[in-house]
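Just so we're on the same page: letters track the sequence lines, and every chain starts at 1. Computed over heavy atoms, backbone and side chain alike; hydrogens, waters and symmetry mates excluded.
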There are 2 protein chains.
Amino acid sequence: MVRLVIVDDHPVVRGGLRDTFADAEDIVVVGEAGDGAEGIERAATLAADVVLMDLRMPGMDGVAATAALRERVPSARVLILTTFDSESDVLPAIEAGATGYLLKDALPDELMRAVRAAARGESVLAPSVTQHLMGQVRKSGASTLTDREKEVLQLVANGSSNREAAAALFIGEASIKTHLLHIYDKLGVRDRAAAVAEGYRRRLLR
Amino acid sequence: MVRLVIVDDHPVVRGGLRDTFADAEDIVVVGEAGDGAEGIERAATLAADVVLMDLRMPGMDGVAATAALRERVPSARVLILTTFDSESDVLPAIEAGATGYLLKDALPDELMRAVRAAARGESVLAPSVTQHLMGQVRKSGASTLTDREKEVLQLVANGSSNREAAAALFIGEASIKTHLLHIYDKLGVRDRAAAVAEGYRRRLLR
DNA sequence: TCCCGCCTCCCCCGTTCGGTGGATGTTTGG
DNA sequence: CCAAACATCCACCGAACGGGGGAGGCGGGA
């Protein structure tokens, strides 16, 4: 069951979204908020799995709210839902830690699939957004594991302790620890077990 | 001298098998039967040491016949002889008490060795069957993860510490540790990270 | 009926991890 | 050419974990 929080400053939009997800048996809207700060509170206290966030809001905007939310509740995925696919917003949102970026003209069915995908940690982008992203990405790759980090994560997934991983890679144990800390940071987790899980969810591991 | 009973619904197959064992000085075919019920009778009255049993038969099938035979004549060993190594049949047959599981394309020499081995109570499996069995065992090993254990593993994959998992399940931390030790044992790993990895590989986690 | 698997909990101990706060050398791309 | 990212290491500490013992209750199958 995916616990969803809706953050949008328009009551009408919130109502429409709520109705949309009323049909889904595996998604429950546990809370709503009218601005970013409130949304963060709701997401934290209600243990949200996914937060559907509007970008244009009074007070704290969606990007800032996303960043703050990722900080406060690392387990919550943020799905940006906005009217325009202005490229100026996409990158900041992704960099802030958004898991997906959808347009408000998305069909209900698409929305639900996106929420489910986000809950699994998969990135969801509106097709038109993908275009923009493909062109410009791969430089800001803020949350991409380096080859070395992937090697370390793979070893850990295979049951290696830090010491064993170090031996396998012919480096010091301290380096393994450093790599792991970087991995935790990038994946938004706090221990090796969750990192491995996230690695599988993001298809970094097999 | 091994007293052998052949149970198969095809007279041709029975004939072929009879011929096969005609050469063996230490094996004597004391009886034949065309279906399961008859096979049990023959095995009982003829004091069979080994029963060579087809799986696909009209009336009582090989698996049921094997179980019934083990019940009636515990001293008789059952060797399953079938055309297909369909994995769905291997496990039930073994569970029913079959001592071995052979394919009909086995060479006469192999057949005789298998019968002798079965008479000694040794388990005999066709090589290709072993493959399937390993897969099944692995799969069933996976499914022998208790519901509770799966819950624990899921929580750990989601980043919970033992304490947090305990709180989430309303049980003590010690119980989480016990569950995890059982999980490690079943999955053949030594720490939570590897357990999570194995969980994903075996599709216990998503 | 009795035994086995499951779930729950306990103690104790050594080891490993995660977090902090650095440092240095190398590669790479604007 | 220089900043940024990467990879490598150091020391220290508290918390968490893994492993070794049990043990009691409970329900279902032989």
Side-chain angles (χ1 to χ4, degrees), chain A residues 71 74-75 95 135-199 204, chain B residues 67-68 70-72 74 92 95-97 140-198 204:
Chain A
E71 189 84 3
S75 63
E95 276 172 9
Q136 286 213 347
V137 158
R138 288 300 167 257
K139 64 171 182 203
S140 72
S143 59
T144 309
L145 295 191
T146 66
D147 289 343
R148 200 52 160 175
E149 286 162 353
K150 279 185 233 171
E151 283 185 296
V152 171
L153 185 56
Q154 184 67 61
L155 284 166
V156 167
N158 290 340
S160 295
S161 67
N162 289 348
R163 183 170 306 171
E164 288 165 345
L169 297 179
F170 305 105
I171 61 178
E173 205 175 329
S175 302
I176 297 293
K177 294 183 67 171
T178 304
H179 285 310
L180 280 175
L181 289 176
H182 290 161
I183 291 169
Y184 300 156
D185 199 38
K186 289 179 178 178
L187 297 184
V189 298
R190 284 175 2 251
D191 62 62
R192 52 184 43 222
V196 168
E198 197 57 31
L204 300 170
Chain B
R70 293 297 301 167
E71 189 91 323
R72 273 281 297 278
E95 276 171 11
S140 71
S143 52
T144 54
L145 265 206
T146 302
D147 286 345
R148 201 55 160 172
E149 287 164 351
K150 280 186 233 170
E151 283 185 295
V152 171
L153 185 55
Q154 184 67 62
L155 284 166
V156 167
N158 289 342
S160 295
S161 66
N162 289 349
R163 183 170 305 172
E164 289 165 345
L169 296 179
F170 304 107
I171 62 177
E173 206 174 330
S175 302
I176 297 293
K177 293 182 67 171
T178 303
H179 285 310
L180 280 175
L181 289 176
H182 291 162
I183 291 169
Y184 301 156
D185 198 39
K186 289 179 179 177
L187 298 185
V189 299
R190 276 162 35 239
D191 63 65
R192 52 183 46 220
V196 167
E198 199 58 29
L204 298 172

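Atoms CZ and CD, from R148(A) and E151(A) in turn, are 5.0 Å apart once rounded to the nearest 0.5 Å. Atoms CG and CD, on N158(A) and E198(B) in that order, are 9.0 Å from each other to the nearest 0.5 Å.
A195(A) is linked by a side chain to side chain contact (heavy atoms under 4.5 Å, CB included) to L153(A), I183(A), Y184(A), L187(A), V189(A), counting only residues two or more places apart in sequence or in another chain.
Considering only side-chain N and O atoms, R192(A) lies under 4.0 angstrom from the phosphate OP1 or OP2 of dG18(C).
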Validation: residues 160-172 of chain A side-chain donor-acceptor distances under 3.5 Å, sequence neighbours left out:
residue: S160(A); atom: OG; partner: L155(A); partner atom: O; Å: 3.3
residue: S161(A); atom: OG; partner: R163(A); partner atom: N; Å: 3.4
residue: S161(A); atom: OG; partner: E164(A); partner atom: N; Å: 3.2
residue: N162(A); atom: OD1; partner: R192(A); partner atom: NH2; Å: 2.3
residue: E164(A); atom: OE1; partner: S161(A); partner atom: N; Å: 2.9

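Contacts between residues 176-185 of chain A and DNA chain C, defined by a heavy-atom separation under 4.0 Å, are made by K177(A), L181(A), Y184(A). Within residues 152-174 of chain A, the residues that have a heavy atom under 4.0 Å from DNA chain C are, in order of number, S161(A), N162(A), R163(A).
Contact between G159(A) and A194(B) at its shortest, heavy atoms only, is CA-CB, 3.5 Å.
Remark: side-chain polar atoms of T146(A) are paired, donor with acceptor, to backbone N or O of E149(A) under 3.5 angstrom.
Backbone-only engagement by T146(A) is indicated by non-hydrogen atom pairs under 4.0 Å involving sugar-phosphate atoms exclusively.
With dG18(D), dC7(C), dT8(D) as the candidates, the nucleotide lying closest to the side chain of S175(A) is dT8(D). Each of dC17(D), dG19(C), dT8(D) was ranked by its minimum atom distance to the side chain of R190(A); first place goes to dG19(C).
Atom P of nucleotide dG5(C) and atom NZ of K186(B) are separated by 10 Å, given to the nearest angstrom. Atom CZ in R148(A) sits roughly 16 Å away from atom P in dT26(C) (whole-Å rounding). Atom pair D191(A):CG and dC17(D):C1' shows a separation of 11 Å (rounding to whole Å applied).
Among D185(A), D191(A), V152(A), the single residue meeting the side chain to side chain contact (heavy atoms under 4.5 Å, CB included) criterion with L180(A) is V152(A).
Taking five base pairs at each end of the helix from dT1(C)-dA30(D) to dG30(C)-dC1(D), the local helix axes there meet at an angle of 60°, rounded to 10°.
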